[in-house]
Amino acid sequence: MLRQRPFNWLKPKNDFVLKWILGSDNDQSKELLLAFLNDFLYAPALQSFTSVEIVNPIINKQSIYDKGSILDIKAKVPGYGYVNIEMQLTNQKNMHKRSLYYASKLIGNQLFASDGYSKLERVVAINLLDFSFFPSTPYHSCFRLVETRLHEPFPDLLQLHFTEMPKFVRQDQAGKIPMNDRKAKWLRFFTNEDDARWFEMAKQDPVMEQMVESLRVASLDPEARELYEARAKALMDLNSIRGEARQEGIIEGKREANRELAKKMLRKGFEVSDIMEITELTETEIEKLMVEINTH
């Protein structure tokens, strides 16, 4: 890989970049996706995945600008099942339900009306989270169905993987994760914020060299950068809207509580001026509450 004059690298935690590198409809994306799945799922050397079909390779430009759209990677691995990979940057407190919902859709969409259940294949959801979600220490959690008394595993038809990248970074910086860990090298790639480290990272092995090269090409591609920036803005706008909605909910909740308090004070004969001072309601609002009390 030839060094070039400095430029701003795209951040691989952006879901558009993840899909561009691992989920595009070309041989290199498939090769890199295979390497990722083999490492992430710790496939034994003699049982490595050898082929993969990307089910949703098209990046719809409208989805880039759509604040609520999901740029995930859906893939089918022959002999193994379906895999869904999603990058999530903000904690909406519902990641467990979200992952289960979309994994369930992958299960339900496999069969047509005339198909038998024997055709149903395994579904694996891989969630890359840029926030801590579970209270436990491990940065990676995998959930499967199990019998509650004997802990006997249900046939392996559903796996929900959650990788909490902030936990990984802290543990990696503390030297608690082996340098040659197969999953770790991918997470170091996704979480890298230092542009000076990309060329060093490319020297690890041929797969990481390809990953860094794909990121470099995307970073220098005007169209890719435009879509990347549009996606980043859409996600930022969505987070802003959600934040404002939560704040409005808090404010509205406080006002509703103050209205209830004002009603109690009116019933007990408090002066309007005192109620205004304590509840921060206006005189007009309190007069409306007086009418409401007297008409019920």
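Keep in mind that this is a model prediction, so the values were computed, not measured.
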Check whether [X] reaches the backbone of [Y] with its side chain - one donor and one acceptor, N or O, closer than 3.5 Å.
| X | Y | result |
| --- | --- | --- |
| Asn14 | Lys11 | no |
| Ser219 | Leu10 | yes |
| Asn56 | Lys74 | yes |
| Arg267 | Ile293 | no |
| Asp172 | Ala184 | no |
| Arg182 | Asn38 | yes |
| Arg188 | Met179 | yes |
| Lys263 | Glu292 | no |
| Gln171 | Thr137 | yes |
| Asp221 | Val217 | no |

Evaluation steps, side chain to side chain contact (heavy atoms under 4.5 Å, CB included), between Leu100 and Leu158: CA-CA 9 Å; Leu100 181 61; Leu158 177 64; 4.2 Å; yes
Report whether [X] and [Y] are members of the same hydrophobic cluster (ILVMFWY, side-chain heavy atoms less than 4.5 Å apart, transitive linking).
| X | Y | value |
| --- | --- | --- |
| Val77 | Ile107 | no |
| Val169 | Phe131 | no |
| Leu129 | Leu41 | no |
| Val52 | Val55 | no |
| Tyr80 | Leu106 | no |

Salt-bridge criterion met for Glu164 and Arg170 (N-O under 4.0 Å): no
Charged N-O contact under 4.0 Å between Glu213 and Arg216: yes
Criterion side chain to side chain contact (heavy atoms under 4.5 Å, CB included) on Asn84 and Val123, from CA distance to verdict: CA-CA 8 Å; Asn84 186 79; Val123 167; 6.0 Å; no
Residue from Trp186, Phe189, Tyr42, Phe49 passing ring-ring contact (aromatic ring centres under 6.0 Å, His included) with Phe36: Trp186
His140 and Phe40 aromatic ring geometry - parallel, tilted or perpendicular at 30°/60° bounds: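 Geometry flag for His140 against Phe40: perpendicular rings.
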Donor + acceptor pair across side chains of Gln92, Thr90 (<3.5 Å):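 Per modelled atom types, Gln92 and Thr90 side chains form a pair under 3.5 Å.
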I need the minimum non-hydrogen distance between [X] and [Y], along with the two atoms involved.
| X | Y | answer |
| --- | --- | --- |
| Thr282 | Glu285 | N-OE1, 2.8 Å |
| Leu33 | Leu22 | CB-O, 3.6 Å |
| Leu281 | Ala262 | CD1-CB, 3.7 Å |

Worked check of ring-ring contact (aromatic ring centres under 6.0 Å, His included) between Phe199 and Trp9: CA-CA 12 Å; Phe199 291 106; Trp9 292 71; 5.8 Å; yes
Glu152, CD: over 12 other non-hydrogen atoms inside 6.0 angstrom: no
Over 12 non-hydrogen atoms of neighbours within 6.0 angstrom of CG in Asp27: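 Count not over threshold, so no.
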So, taking the atom named [atom1] in [X] and the one named [atom2] in [Y], what distance separates them when rounded to the nearest 0.5 Å?
| X | Y | atom1 | atom2 | answer |
| --- | --- | --- | --- | --- |
| Met211 | Trp198 | CE | CH2 | 8.0 Å |
| Met165 | Asp130 | CE | CG | 4.5 Å |
| Leu160 | Arg98 | CG | CZ | 13.5 Å |

Centroid-centroid under 6.0 Å between Phe134 and Phe143 rings: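 Distance test on ring centres: under 6.0 Å, yes.
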Pair His96 and Phe162, ring centroids less than 6.0 Å apart: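 Between His96 and Phe162, the centre distance exceeds or equals 6.0 Å.
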Geometric cation-pi criterion Arg144 and Phe154, 6.0 Å radius, 45° cone: no
